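Throughout, protein chains are lettered first and strands after them, A, B, ... in sequence-line order, and every chain is numbered starting at 1. Values in this document were obtained by computation on a predicted structure and should not be read as measured data.
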Amino acid sequence: MPELPEVETTKRGVQPHIQQQRITALVVRQAKLRWPVSPELQSLVGETILTVRRRAKYLLIDTAKGSIMVHLGMSGSLRVIEQGEPPGFHDHVDLELGKIALRYTDPRRFGCWLFVAPNASHELLSKLGPEPLEEDFQREPFAAALRATKRPIKQAIMDNKIVVGVGNIYANEALFMAKISPVRAASRVSVKRLNALYDAIRIVLAEAIEQGGTTLKDFVGSDGQPGYFKQSLHVYGRGGLDCTVCKQALKEIRLGGRSTVYCPNCQR
DNA sequence: AAAGACACCTGGGAGC
DNA sequence: TGCTCCCAGGTGTCTT
């Protein structure tokens, strides 16, 4: 999936096309996603899309009568299409907006389309930590949270309660940039290095957004164009290849079931 | 209470 | 060619 930069890229790509448009229909071809597509979403037909927001990896499409909360899961994507384009096998939902539609494609169906009542939040959003690129992400609480756990640092920074939006790709990349071994207990990383990690997370995510996200097997941006960040990846997907800094072989291991790549020489 | 395992799905690639 | 197995961007929920 989509990690945070891909979701942000999707938001930016879709927003100018769908904002201020009136919802003319919601077509659900496959309701069985991670949770069933909320039936209440039908009540939004006739409403106008006021804003499009992102919280962590969720997209929120707001109307006066409530919001649509979309998650792309591992393999989801959204794009704007001309009305009438025939759906493919994995095109599960269309949000029709007159002449155009917002089409949701998701082969693995780990995503969701949920209803959020007006002026309310959703329980899924209530436990989330700070946004890495916003003001509420601060050095000291971040460092304190990491010093308080003995989990491997990589798993700790992928924990949504500590900071949202750091998925497997960018966790690998941020740790490389900060020169921290992914397997090191978070509690045993110096404050100086935690500061470097704080900066690295923000830099890596911001750069990926600038480049339109990382193109993976089945990710394309909302305009159908690929992201270019893959060209900038230093470790993810490069196990066994040379470290871009010291030229030694990158090591690939599994951590919490997730592929983890690092340079044993540069990262300690 | 924290942390690890499991679950949800499909498709693609490796290996036999 | 075709079968089986493993792996993939996430994350809530159940089990220790």
Side-chain angles (χ1 to χ4, degrees), chain A residues 1-11 29-38 54-59 69-78 88-93 104-114 122-129 132 144-174 182-187 201 204-205 208-209 211-222 226-230 232-233 235-240 252-261:
Chain A
M1 115 148 206
E3 290 200 25
L4 185 145
E6 289 73 39
V7 179
E8 179 66 23
T9 297
T10 297
K11 186 202 117 179
R29 297 183 197 86
Q30 169 60 275
K32 285 171 67 179
L33 302 183
R34 175 151 200 200
W35 297 284
V37 174
S38 299
R54 179 187 59 74
R55 173 68 174 114
K57 295 171 190 168
Y58 292 95
L59 284 176
M69 187 167 100
V70 180
H71 197 291
L72 303 178
M74 290 275 261
S75 56
S77 62
L78 286 171
F89 187 62
H90 296 298
D91 294 341
H92 306 310
V93 181
Y104 174 74
T105 308
D106 188 0
R108 291 178 72 182
R109 291 194 270 126
F110 284 174
C112 63
W113 276 64
L114 300 174
H122 193 283
E123 196 173 23
L124 289 171
L125 303 180
S126 68
K127 297 163 194 162
L128 296 176
L146 293 175
R147 299 287 290 179
T149 179
K150 293 177 179 172
R151 308 173 79 188
I153 185 103
K154 176 165 178 256
Q155 287 174 272
I157 61 171
M158 291 178 71
D159 183 339
N160 274 336
K161 290 189 286 297
I162 292 178
V163 59
V164 302
V166 181
N168 197 38
I169 296 176
Y170 302 108
N172 279 299
E173 295 300 316
V183 298
R184 176 174 286 269
S187 57
I201 287 170
V204 164
L205 292 176
I209 291 168
Q211 294 175 42
T214 301
T215 298
L216 296 152
K217 286 191 188 103
D218 45 13
F219 178 76
V220 289
S222 55
Y228 292 98
F229 193 72
K230 191 168 188 185
S232 309
L233 296 176
V235 284
Y236 181 82
R238 298 193 66 247
E252 180 157 9
I253 61 168
R254 301 196 73 74
L255 201 53
R258 312 301 297 277
S259 169
T260 302
V261 187

Report yes or no: does Glu3(A) contribute a side-chain atom to a donor-acceptor pair with the main-chain N or O of Ile169(A) at less than 3.5 Å?
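Yes.
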Does Thr10(A) use its side chain to pair, donor to acceptor, with the backbone of Leu78(A) at less than 3.5 Å?
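It does not hold such a pair.
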I'd like the P distance from dA5(B) over to dC7(C), given in whole Å.
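Comparing P positions in dC7(C) and dA5(B) gives a spacing of 15 Å.
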Could you tell me how far dC9(B) sits from dT13(C) if I compare only their P atoms? Round to whole Å.
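Straight-line distance between the two P atoms is 15 Å.
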5' precedence on DNA chain B between Lys150(A) and Phe89(A) (nearest-nucleotide basis):
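Mapping each residue to its closest nucleotide by heavy atoms, the 5'-most match is Lys150(A).
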Euclidean distance, atom [atom1] of residue [X] to atom [atom2] of [N] [Å, nearest integer]:
X         : N       : atom1 : atom2 : answer
Asn168(A) : dC7(C)  : CG    : P     : 13 Å
Leu124(A) : dT13(C) : CG    : C1'   : 12 Å
Met74(A)  : dC6(B)  : CE    : C1'   : 14 Å
Leu33(A)  : dG12(C) : CG    : P     : 16 Å
Leu114(A) : dG12(C) : CG    : C1'   : 12 Å
Leu125(A) : dG12(C) : CG    : P     : 10 Å
His92(A)  : dC9(B)  : NE2   : C1'   : 9 Å
Ile157(A) : dG10(C) : CD1   : P     : 12 Å

Looking only at the side chain of [X] (C-beta and beyond, no hydrogens), which of the listed nucleotides [options] gets closest?
X         : options                  : result
Thr149(A) : dC7(C), dG10(C), dA3(B)  : dA3(B)
Arg254(A) : dA8(C), dG10(C), dG12(C) : dA8(C)
His90(A)  : dG12(C), dG11(B), dA3(B) : dG11(B)
Ser259(A) : dA7(B), dA8(C), dG11(B)  : dA8(C)
Phe110(A) : dG11(B), dG12(C), dC8(B) : dC8(B)

Check if the side chain of Arg109(A) and the base of dT10(B) share a donor-acceptor pair of N or O atoms closer than 3.5 Å.
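Check fails, no donor-acceptor contact within cut-off.
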Could you tabulate the donor-acceptor pairs under 3.5 Å formed by side-chain atoms of residues 30-37 of chain A, not counting sequence neighbours?
from     : atom 1 : to       : atom 2 : distance (Å)
Gln30(A) : OE1    : Lys32(A) : N      : 2.9

Nearest nucleotide by nearest heavy atom, which residue falls closer to the 5' end of DNA chain C, Leu128(A) or Arg108(A)?
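Residue closer to the 5' terminus by nearest nucleotide: Arg108(A).
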What I'd like to find out is whether the side chain of Tyr58(A) reaches to under 4.5 Å of the side chain of Cys112(A), using heavy atoms alone.
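Answer yes - side chains close enough.
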What residues, two or more places apart in sequence or in another chain, satisfy side chain to side chain contact (heavy atoms under 4.5 Å, CB included) together with Ala145(A)?
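With sequence neighbours excluded, Ala145(A) shows a side chain to side chain contact (heavy atoms under 4.5 Å, CB included) to Ile162(A), given in chain and number order.
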Kindly write out the residues that satisfy side chain to side chain contact (heavy atoms under 4.5 Å, CB included) with Ala185(A), not counting sequence neighbours, or none if the list is empty.
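For Ala185(A) the side chain to side chain contact (heavy atoms under 4.5 Å, CB included) partners, ignoring immediate neighbours, are Ser187(A), Arg188(A).
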Duplex segments of DNA chain C, taken as runs of at least three Watson-Crick or G-U pairs that stay under 3.5 Å:
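Correct response: B:2-8 with C:10-16, B:10-16 with C:2-8.
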With sequence neighbours excluded, tell me which residues meet side-chain hydrogen bond (donor to acceptor under 3.5 Å, both in side chains) with Arg29(A).
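Arg29(A): side-chain hydrogen bond (donor to acceptor under 3.5 Å, both in side chains) contacts with Asp94(A).
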Determine the contact category for Arg151(A): base if any of its heavy atoms lies under 4.0 Å from a base atom, sugar-phosphate if only primed atoms, P, OP1 or OP2 are that close, otherwise nothing.
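Counting heavy atoms under 4.0 Å across all strands, the contact made by Arg151(A) is with sugar-phosphate only.
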Using a 4.0 Å heavy-atom cut-off, does Arg258(A) contact any base of the nucleic acid, only the sugar-phosphate backbone, or nothing at all?
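The answer is base, as Arg258(A) lies within the cut-off (heavy atoms under 4.0 Å) of a base atom.
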Name all pairs fulfilling the salt bridge (Lys or Arg N to Asp or Glu O under 4.0 Å) condition that reach into residues 149-169 of chain A, sequence neighbours left out, sorted by first residue then second.
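Counting only pairs at least two positions apart or across chains, the salt bridge (Lys or Arg N to Asp or Glu O under 4.0 Å) contacts touching residues 149-169 of chain A are Arg151(A)-Asp159(A), Asp159(A)-Lys161(A).
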Under-4.0 Å side-chain N/O to phosphate OP1/OP2 contact, Tyr236(A) with dA8(C):
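Answer no for this pair, as no side-chain N or O of Tyr236(A) is under 4.0 Å from OP1 or OP2.
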